[in-house]
Amino acid sequence: VNNNFKIEGTIEESHAFRFIANTGDISGLFFLDNNSKQSVLLDSLDILITPKIINSETNKEYVEVYLPLIENLSIEDKQLKDSWNSSLPDSLKIKIQQGRKRIRNEKDDILFNYIKNNPNSYVGMWLLAENFTIYGYKDEYHSAFNGLSPKLKTSFSGSKINEKMTNSSISAINGSLPDAELFEFDNTRTNLTFKNLTSKYTLIDFWATYCGPCIREIPNILKLYNSTNRDYFNVLAISIDSKKDFEKWNTFIINNNLPWKQFLDEEGELSKKLMINSVPANFLIDSNGKILLKNFSIDELKEFLELNQ
């Protein structure tokens, strides 16, 4: 009512949140505490803008203590991202890619040091969890988690984060995806292996028909697919729609004329093994099934393919 809404409930411990609209737009990260009534002031859904939170000490720590530590790096990263253009010479593309990788590593180092100096910080724990979710498992993330206080590590959320990190270590960069029994587009079960593939690189795209960001990304995937040959690049799509939505999934594929192979993980067995709790999620693997990239944007994939022809 009048651009206001109320969410009622309680949380057991300080928690990180984002608002996600059915359009796929996402708010900046914010934190709520478990000990008071709090208000969220949200002017727009912009992932780069942190909503204003009234009466949250954890969010105050995030805004006033942590964000200033990475402010300059965030500005530099946005400038590099905005400067990317597919028509740039390879030397500049490499420079941008290396620059953004350096910034990501420097941000990680800042976070690791923050956790070391603030082992009781929910800000540190949740930022570590978000980085792990976005970039995938790294030994450094697990080591940083182990540097948190016993209180945070044994909390409900801390225990779940540790469990997911442990399970995700099987599908980390340089690891491999396990074989899986999935439904194919023709409604037959098939044993899918990710080894001995005919393409040099294959995008494994986890998606769902109800996922707005997934649907909006399909034209970009299609454009990349059509601009490459199958010896070099291919796509395997795995939907996490339920079996009861088989017809909806099947109809969507037909209506959108999707040319790559489609599979349905209707029981969620493969996605559970890979700790995929939401989509979109993706992997880039080589012909031997080795994981080269994980949870990346299509722009990042295009950069990789252009630089590794």
Side-chain angles (χ1 to χ4, degrees), residues 7 9-20 26-38 40 47 50-51 53 55-70 73-74 103-175 178 268-279 281 283 291 294-295:
I7 301 175
T10 59
I11 53 178
E12 296 299 320
E13 56 198 18
S14 299
H15 205 294
F17 295 94
R18 290 185 189 273
F19 284 114
I20 303 178
I26 303 174
S27 77
L29 191 70
F30 63 94
F31 295 82
L32 297 179
D33 292 329
N34 66 338
N35 57 0
S36 60
K37 183 178 179 180
Q38 292 142 100
V40 181
I47 197 169
T50 303
I53 312 298
N55 211 22
S56 169
E57 289 300 317
T58 304
N59 200 74
K60 183 178 180 181
E61 174 194 344
Y62 175 58
V63 172
E64 297 183 3
V65 181
Y66 187 80
L67 285 183
L69 299 176
I70 62 169
L73 288 173
S74 297
I103 290 170
R104 186 179 299 172
N105 289 337
E106 288 185 24
K107 282 188 172 182
D108 276 348
D109 288 342
I110 289 171
L111 177 58
F112 299 156
N113 191 57
Y114 190 83
I115 290 173
K116 181 179 179 180
N117 293 326
N118 302 275
N120 281 310
S121 172
Y122 280 100
V123 170
M125 184 181 79
W126 284 113
L127 289 175
L128 186 65
E130 177 161 86
N131 283 2
F132 157 62
T133 301
I134 295 172
Y135 303 120
Y137 178 86
K138 295 181 182 179
D139 289 338
E140 295 91 333
Y141 290 162
H142 220 157
S143 296
F145 176 86
N146 289 330
L148 291 167
S149 68
K151 174 187 174 183
L152 264 62
K153 285 190 293 186
T154 58
S155 67
F156 176 81
S157 297
S159 298
K160 291 297 182 181
I161 292 168
N162 186 44
E163 179 185 356
K164 290 179 179 181
M165 283 188 174
T166 300
N167 291 337
S168 291
S169 63
I170 66 172
S171 59
I173 300 297
N174 296 323
E269 293 183 7
L270 178 59
S271 54
K272 287 176 184 175
K273 285 182 182 178
L274 300 176
M275 301 305 297
I276 295 174
N277 299 311
S278 62
V279 287
F283 300 85
I291 298 172
K294 183 175 179 179
N295 293 335

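One-based numbering along the sequence shown. Note: hydrogens, waters and symmetry copies are ignored here, and every other heavy atom, side chains too, is used.
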task: Could you check if a side-chain atom of Leu128 sits within less than 4.5 angstrom of a side-chain atom of Met165, using non-hydrogen atoms only?
output: yes
message: Quick check: do Ile173 and Lys138 have side-chain heavy atoms less than 4.5 Å from each other?
response: no
message: Using side chain to side chain contact (heavy atoms under 4.5 Å, CB included), reason through Ile276 and Phe283 one step at a time and then give a plain yes or no.
response: CA-CA 11 Å; Ile276 295 174; Phe283 300 85; 4.1 Å; yes
query: If you round to the nearest 0.5 Å, how far is CG of Asn105 from CD1 of Ile110?
result: 11.5 Å
message: To the closest 0.5 Å, what do you measure between CZ (Phe156) and CD (Glu13)?
response: 8.0 Å
- prompt: Would a line drawn from the ring center of Tyr141 to the ring center of Phe132 be shorter than 6.0 Å?
  reply: no
- line: What one should report as the nearest heavy-atom pair of Thr154 and Pro150 is OG1-O, 2.6 Å
- line: Heavy-atom nearest pair, Ser14 first then Thr58, reads OG-OG1, 3.2 Å
- prompt: Any donor and acceptor pair, going by atom type alone, linking the side chain of Glu61 with main-chain N or O of Val123 inside 3.5 Å?
  reply: no
- prompt: Under a 4.5 Å cut-off applied to non-hydrogen side-chain atoms, are Tyr137 and Asp139 in contact?
  reply: yes
- request: Quick one: closest heavy-atom pair of Leu67 and Thr50, and the distance?
  value: CD1-OG1, 3.7 Å
query: Under the 3.5 angstrom rule, does the side chain of Asn34 hit a backbone N or O of Glu12 as a donor-acceptor pair?
result: yes
query: More than 12 non-hydrogen atoms from neighbouring residues, nucleotides or ligands closer than 6.0 Å to CD on Glu130, yes or no?
result: yes
- prompt: When you look at Asp108 and Glu140, which way does the side chain to side chain contact (heavy atoms under 4.5 Å, CB included) test go after all the steps?
  reply: CA-CA 9 Å; Asp108 276 348; Glu140 295 91 333; over 6 Å; no
- prompt: Is the distance between the ring centroids of Tyr62 and Phe30 under 6.0 Å?
  reply: no
message: Ring centroids only, cut at 6.0 angstrom: are Tyr66 and Tyr114 within range, meaning strictly under it?
response: yes
- line: The reported gap from CG in Asn131 to CZ in Phe112 (rounded to nearest 0.5 angstrom) is 7.5 Å
- request: Could you check if a side-chain atom of Lys153 sits within less than 4.5 angstrom of a side-chain atom of Asn162, using non-hydrogen atoms only?
  value: no
query: Between Gly28 and Pro51, what is the shortest heavy-atom contact and its length?
result: O-CD, 3.5 Å
message: Any heavy-atom pair between the side chains of Trp126 and Leu29 that's under 4.5 Å?
response: no
query: Atom CG in Leu148, atom CD1 in Ile161: separation rounded to 0.5 Å?
result: 8.0 Å
query: What heavy-atom pair brings Ser27 and Arg18 nearest, and what distance separates the two atoms?
result: O-NH1, 2.9 Å
query: Between Ser155 and Leu152, is there a donor-acceptor pair closer than 3.5 Å when you use the side chain of the first and the backbone of the second?
result: yes
message: Nearest 0.5 Å, please: how far is CD1 in Ile11 from OG in Ser157?
response: 9.0 Å
query: For Asp33, does its backbone N or O pair with a side-chain atom of Glu57 as donor and acceptor, under 3.5 Å?
result: no
- request: Would you check if His15 and Leu32 make a side-chain contact, meaning some heavy-atom pair closer than 4.5 Å?
  value: no
query: Does the side chain of Pro119 reach to within under 4.5 Å of the side chain of Lys151, using non-hydrogen atoms?
result: no
Pairwise distance CD(Glu269) to NZ(Lys272) - rounded to 0.5 angstrom: 7.5 Å
statement: Taking every heavy atom of Ile53 against every heavy atom of Phe31, the minimum-distance pair comes out as CG2-O, 3.9 Å
